[in-house]
Every structure is written in C-alpha cells, then in structure tokens.
Undergrad: 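I'd like to ask some things about the structure below.
Sequential numbering from 1 along the given sequence is applied to the chain's residues.
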Amino acid sequence: MGEHVRIIDRIDTAPRYTEADAVRLNNMFRGRDTVEMLTVLLKENMLGDAAIVSSFGAESAVLLHLIASIDPNVPVLFLETGKHFPETITYREELREKIGFIDLRNLTPDPELLAQKDGTGLRWSYDPDGCCEIRKVLPLKSALAGFDAQFTGRKAFQSSTRKALPRFEIEEGRLKVNPLADWDKARLDAYMAEHDLPAHPLVEQGYPSIGCSPCTTKVAPGEDPRSGRWKGWDKVECGIHTETTLLDDGGANDPIF
C-alpha cells in the first residue's frame, strides 16, 4: 500500500469580502428598487450570516420593517449603552411588537472595562470618543465577529459626512449594506405612513437624530439632522461608522438621488 499523505487543515483567515465585491454589488443593484434588492439578498442568501444594527432611533422603523417583512429571523443588534433616553427603550419594545422581528440582541459594555474606564458614568462629558468606544464600538465589534455582513439604517441626506454613502461598502472584511442610502425624508415619511409605523416619541419634540441622552440635543430648522449629536464637540460619528468616501471605481457607483 502506498504511503498515506495527510492533508493539513488550513483556516482561511482572508476577509470574506473585498472592495471589489462592494463594487460588484453596487453595479448589480444600481437603480433597482430597495425591496427587490433586499428580497434577492435575503432569499438567495447572498450575504452569508447577516445582522441588522439598529439604534431604534428616529427612522429605525423603516429598515426594521423592510427586512422583517422578508425575513423576521434576521438578528437585530441594539447597543444598550445604559445612556439611552427612556423613550428609546420603550420605542424598541413597541417596534418589536408591531413589526415582529424575532431575534433582538441587546449588546452591553463589558462590566469590568466599564468599571475601570467609566466608573462614574461621566466619561461622555470629557471624552465622548472614549465613552463611545467602551459602550458602542467594542461591544458591537465583538458581536459582529460572527457575521459576514451587517445592515445599517444610514442615509446620505443625514449629514455632509454621509453624502457619498453607497448601498454596499466594506469594513474590516465585512460587508456593510446601507439599503436606505438614497432615501430622502419624504420617502421615509411616506413609507412609515403607508405601513402605519409609529414614530419615535422624541421626533416631534425636535430630535430628528437620537442617540444617547447626554450627547443628543434638539436641532434647529435648516440644520443637518445629525447636528444635534455631540453638539460642541469635533465629533460626527460614534465610531461604529466612519465618514463615507467614494469607492475607487471612477465614480461609477456614486449614489443616485
């Protein structure tokens, strides 16, 4: 008998997705309806293991309803920072009952790290980046380690730093899908009305973008919807998203409005 040759198992540590994949998907779904795109992605399992990252903020109901209408089993990840408005927690439960998504996962900060780095709970007042790192960035990074892709509710109209937002982008080898990238406020409002989706209770009080209560203020007419976040600080994102730049595709995938 010939000598048995053992095949060495190798773990593929390469990222599942590359920028070329994002360009390909942007091309594939360019100009196609959002519901059609999501149906194809989810029904044909094109994304692998995917989750929705939701803040349960001002417009979160739209993305949650769009995806749950196709597959209510897609996990929903919520960063329970311990600093949310009470209205946000109530709204989260209202949407869960109304929309019917099944797998809600509340992500909390590491208690030891929280005690070590923010024992007083006041880090937001002198180091908002550090507070977001502990309460949002690290818990989400840990949770997303088991997923190939994530859905976000970001829209290009929300701020100048998101105006180049594509539908598909890559972050640390993971696909980030922004189904509402080219939706404007009128379209969001129309969708919520059509499907009888409740609004976040703070919206009518002047909060078009809602995050943690210490770092969220009301927005004046004409300002970017996100201008009330970290007011007075040189900070526009919590760290789970970065400022958006165009893909290196010669502009072929610039958002269409």
Undergrad: Thr18 versus Ile170: any side-chain heavy-atom pair under 4.5 Å?
TA: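 No; the side chains remain at least 4.5 Å from each other.
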Undergrad: Just so I know, are the side chains of Leu175 and Leu25 near enough to count as touching, which here means a heavy-atom distance under 4.5 Å?
TA: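 With C-beta onward as the side chain, the pair touches.
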Undergrad: Can you tell me if CD on Glu97 sees more than 12 non-hydrogen neighbours from other groups inside 6.0 Å?
TA: no
Undergrad: Would Met192 and Val203 show up in the same hydrophobic cluster when neighbours are defined by side-chain heavy atoms closer than 4.5 Å?
TA: no
Undergrad: Keeping Asn26 on the side-chain end and Ala22 on the backbone end, is there a donor-acceptor pair under 3.5 Å?
TA: yes
Undergrad: Under 3.5 Å, side chain of Tyr91 to main-chain N/O of Ala58, donor-acceptor pair present?
TA: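 No: the side chain of Tyr91 does not pair with the backbone of Ala58.
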Undergrad: Side chain to side chain donor-acceptor pair (under 3.5 Å): which pairs involve residues 104-118, sequence neighbours left out?
TA: Arg92-Asn106, Asp103-Arg105, Asp118-Arg135
Undergrad: Which atom pair, heavy atoms only, marks the closest approach of Glu133 to Pro139?
TA: O-CD, 4.1 Å
Undergrad: For His200 and Leu202, indicate whether the former's side chain and the latter's backbone hold a donor-acceptor pair under 3.5 Å.
TA: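 Checking the backbone N and O of Leu202 against the side chain of His200, a donor-acceptor pair under 3.5 Å is found.
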Undergrad: For the CZ atom of Phe151 and the CD1 atom of Ile67, what is their distance to the nearest 0.5 Å?
TA: 4.5 Å
Undergrad: Does a side-chain heavy-atom distance below 4.5 Å link Asn27 with Val23?
TA: yes
Undergrad: Taking it one step at a time, do His65 and Tyr191 satisfy side-chain hydrogen bond (donor to acceptor under 3.5 Å, both in side chains)?
TA: CA-CA 10 Å; His65 186 271; Tyr191 187 93; 2.7 Å; yes
Undergrad: Treat each ILVMFWY residue as a node, draw an edge where side-chain heavy atoms are under 4.5 Å apart, and state whether Leu114 and Leu140 are in one component.
TA: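 Per the 4.5 Å side-chain linkage, Leu114 and Leu140 are not co-clustered.
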Undergrad: Do the non-hydrogen side-chain atoms of Glu80 and Ile89 ever get within less than 4.5 Å of each other?
TA: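 They are in side-chain contact.
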Undergrad: Would you compute the distance between atom CG of Leu138 and atom SG of Cys132 and round it to the nearest 0.5 angstrom?
TA: 11.0 Å
Undergrad: Would a hydrophobic clustering, with Ile, Leu, Val, Met, Phe, Trp and Tyr connected at side-chain separations under 4.5 Å, put Ile134 with Leu79?
TA: no
Undergrad: Nearest 0.5 Å, please: how far is CG in Asp129 from NZ in Lys136?
TA: 11.5 Å
Undergrad: Please tabulate, one pair per line, all N/O donor-acceptor pairs under 3.5 Å involving side-chain atoms of residues 47-57, not counting sequence neighbours.
TA:
{"unit_1": "Ser54", "atom_1": "OG", "unit_2": "Phe56", "atom_2": "N", "d": "3.2"}
{"unit_1": "Ser55", "atom_1": "OG", "unit_2": "Gly57", "atom_2": "N", "d": "3.3"}

Undergrad: Apply salt bridge (charged side-chain N to carboxylate O under 4.0 Å, His left out) to Asp196 and Lys98, showing your working.
TA: CA-CA 9 Å; Asp196 192 28; Lys98 172 73 175 179; 3.4 Å; yes
Undergrad: Do Tyr207 and Val219 make a side-chain contact, defined as non-hydrogen atoms from C-beta onward lying under 4.5 Å apart?
TA: no
Undergrad: Assigning hydrophobic clusters by single linkage (Ile, Leu, Val, Met, Phe, Trp, Tyr; side-chain heavy-atom cutoff under 4.5 Å), is Met28 placed with Ile70?
TA: yes
Undergrad: Walk me through it: do Met37 and Phe168 pass the test side-chain contact (heavy atoms from CB on, under 4.5 Å)?
TA: CA-CA 11 Å; Met37 178 188 77; Phe168 299 89; 3.8 Å; yes
Undergrad: Mind listing the closest non-hydrogen atom pair of Asp33 and Val35 along with its distance?
TA: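 Closest heavy-atom pair between Asp33 and Val35: OD2-N, 2.9 Å.
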Undergrad: Nearest 0.5 angstrom please: Glu87 CD to Ser213 OG, how far?
TA: 9.0 Å
Undergrad: Do Lys185 and Glu59 come close enough that some side-chain heavy atom pair is under 4.5 Å?
TA: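 Sidechains of Glu59 and Lys185: in contact.
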Undergrad: Determine the minimum heavy-atom distance between Pro214 and Lys83, stating which atoms define it.
TA: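 Taking Pro214 first and Lys83 second, the nearest heavy atoms are CD-O, 3.6 Å.
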Undergrad: Any non-hydrogen side-chain atom of Thr90 less than 4.5 Å from a side-chain atom of Phe85?
TA: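 No, side chains not in contact.
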Undergrad: side-chain hydrogen bond (donor to acceptor under 3.5 Å, both in side chains) for Arg154 and Asn178? Distances and angles first, verdict last.
TA: CA-CA 6 Å; Arg154 292 182 299 163; Asn178 309 304; 3.2 Å; yes
Undergrad: Minimum heavy-atom separation for Gly153 and Leu63, please, with both atom names.
TA: N-CD2, 3.6 Å
Undergrad: Any non-hydrogen side-chain atom of Arg96 less than 4.5 Å from a side-chain atom of Val76?
TA: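 Result no, sub-4.5 Å side-chain heavy-atom pair not found.
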Undergrad: Can you name the nearest heavy-atom pair linking Pro128 to Tyr126, along with the distance?
TA: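 Distance-wise, the nearest heavy atoms are CD-C, 3.8 Å.
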Undergrad: Working to the nearest 0.5 angstrom, can you tell me the gap between Ile102 CD1 and Asn73 CG?
TA: 4.0 Å
Undergrad: Please report the shortest heavy-atom distance between Leu197 and Ala61, naming the atom on each side.
TA: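 Shortest heavy-atom contact: CD1-O, 3.8 Å.
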Undergrad: Let me confirm one number: the CD-CZ distance from Glu169 to Arg174, rounded to the nearest 0.5 Å.
TA: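 CZ of Arg174 is found 12.5 Å from CD of Glu169.
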Undergrad: Is it the case that the side chain of Arg167 and the backbone of Phe29 share a donor-acceptor pair, with hydrogens and angles ignored and the cut-off at 3.5 Å?
TA: yes
Undergrad: Which residues pass the salt bridge (Lys or Arg N to Asp or Glu O under 4.0 Å) test with Asp184, sequence neighbours left out?
TA: none
Undergrad: What do the steps show when you test Arg16 against Asp21 for side-chain contact (heavy atoms from CB on, under 4.5 Å), and what is the final call?
TA: CA-CA 9 Å; Arg16 179 179 174 89; Asp21 294 312; over 6 Å; no
Undergrad: Tell me if the aromatic rings of Phe78 and His84 count as close, with their centers under 6.0 Å from one another.
TA: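 Ring-ring flag for Phe78/His84: true, centres closer than 6.0 Å.
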Undergrad: Group every Ile, Leu, Val, Met, Phe, Trp and Tyr by side-chain heavy-atom contacts under 4.5 Å, then state whether Ile210 and Leu180 land in the same group.
TA: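 Hydrophobic grouping puts Ile210 apart from Leu180.
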